[in-house]
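Atoms within a ligand are numbered from 1 in the order they appear, just like the ligands themselves. By convention here, the first residue in the shown sequence is residue 1.
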Amino acid sequence: MPKVVVIDGPAGSGKSTTAIALAKKLGYVYLDTGAMYRALTLKFLNLGIKEYNDEKRIRNILDNTSIEIKPVDDVLHIFLDGIDVTYQIRSNEVDNYVSEISAIDSVRDFMQEKQRHIAHEYNIVAEGRDLGSYVFPDADVKIFLTADLDVRAKRRLLQKNAFPEEFNEFRNNLTKRDRIDSSRKHSPLKKVEDAIVVDTTNLTFDQQVEKIYSICKKKIG
Ligand code: DC
């Protein structure tokens, strides 16, 4: 059976950068589950949908949506209905709607099935919110990454080359997403008992990667 390493945690805790570096070190495939929810959010925004309770319409959209992750020049890109949307899915508008859209039951079922399918084929390092608790309860390694809210907001600000005055906006967005992601009924963000917590508030990037890498080496050799 292929190996599964999962990294769950709130927005801005450093999951993506850590998971990319860890996957490289282990020689595994990196799976960004957030990017999948973001791509679908972009589709909803493009279609002008801002009401999410028409279950029939949502199912119809899902039945007619293709989301693929493929390498381009060694970097994984995400394609929505055949179009490369890797950069578009990082917009503030997507940030503002993605949690609400990913709280829809049929959206979660659709994404989770795709994620399990990928894990049947490759050794993966996957990052998300519900991976250790719901999508891959038998994962070989479960990490729960955290960091103080202010540190997370500051990291996001730097990542997006934003102005310091935008700090509160970023902080508010993270708070709102954490609340929605942790309180939804279907597979909310949560730390499961067998997950190892890594708090990155006072760690450098290299330190956090090294720490998780050594946990993986101990657990899977
Ligand atoms: O990791 P990210 O910030 O790119 O994720 C964007 C959103 O997608 C996040 O706020 C909630 C949702 N998400 C989810 O519900 N489950 C996952 N496994 C990954 C992301």
Side-chain angles (χ1 to χ4, degrees), residues 4-20 22-23 30-45 52 58 62 65 67 69 75-78 80 85-119 124-137 139 142-147 149 151-160 162 169-192 195 200:
V4 178
V5 174
V6 299
I7 304 182
D8 289 306
S13 54
K15 295 187 303 293
S16 301
T17 44
T18 308
I20 290 170
L22 184 70
Y30 163 62
L31 176 62
D32 179 357
T33 61
M36 298 168 72
Y37 289 97
R38 285 173 177 274
L40 186 70
T41 301
L42 184 66
K43 177 151 182 171
F44 276 46
L45 291 172
Y52 312 123
I58 289 171
L62 291 171
T65 295
I67 291 177
I69 302 176
V75 178
L76 286 181
H77 279 223
I78 184 138
L80 170 67
V85 294
T86 310
Y87 303 106
Q88 270 169 283
I89 61 167
R90 303 287 159 195
S91 71
N92 289 345
E93 210 190 0
V94 171
D95 274 356
N96 285 335
Y97 286 96
V98 65
S99 283
E100 277 169 76
I101 291 169
S102 42
I104 301 168
D105 287 359
S106 52
V107 166
R108 301 205 70 73
D109 293 339
F110 174 85
M111 296 298 176
Q112 290 164 343
E113 193 196 318
K114 271 190 187 302
Q115 292 156 14
R116 291 192 182 112
H117 189 78
I118 296 170
I124 59 166
V125 174
E127 55 127 329
R129 304 290 188 291
D130 56 344
L131 306 180
S133 59
Y134 193 84
V135 187
F136 302 113
K142 296 182 186 180
I143 304 290
F144 194 84
L145 213 61
T146 60
L149 177 63
V151 170
R152 291 192 280 129
K154 206 166 157 192
R155 284 183 190 156
R156 268 288 144 95
L157 199 76
L158 291 172
Q159 216 177 45
K160 297 212 173 186
E169 201 182 307
F170 277 80
R171 197 178 186 280
N172 292 341
N173 176 266
L174 291 181
T175 310
K176 179 182 147 203
R177 280 169 58 197
D178 286 354
R179 182 177 42 77
I180 302 177
D181 295 346
S182 327
S183 62
R184 68 175 170 239
K185 280 209 201 80
H186 191 325
S187 48
L189 163 69
K190 81 165 181 224
K191 186 203 116 27
V192 280
T200 67

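Counting only distance, with no hydrogens or angles, the side chain of Arg108 and the backbone of Ser102 share a donor-acceptor pair below 3.5 Å.
For ligand 1, the 4.0 Å heavy-atom shell contains residues Thr33, Gly34, Tyr37, Arg38, Arg90, Val98, Ser99, Ser102, Arg108, Gly128, Arg129, Asp130, Arg177, Asp181, Arg184.
Between His186 and Tyr134, the ring planes are perpendicular. Angles over 60° get that label, and only those under 30° would be called parallel.
Considering only residues two or more places apart in sequence or on other chains, Asn96 meets the side chain to side chain contact (heavy atoms under 4.5 Å, CB included) condition with Asn173.
Salt-bridge annotation for Asp95 and Arg38: present, with a side-chain N of the basic residue lying under 4.0 Å from a carboxylate O of the acidic one.
Side-chain contact of Asp130 with Gln112: a donor-acceptor pair under 3.5 Å is present, judged by distance alone.
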Run the numbers on Arg155 and Thr200 for side-chain hydrogen bond (donor to acceptor under 3.5 Å, both in side chains), then give the verdict.
-> CA-CA 11 Å; Arg155 284 183 190 156; Thr200 67; 3.1 Å; yes

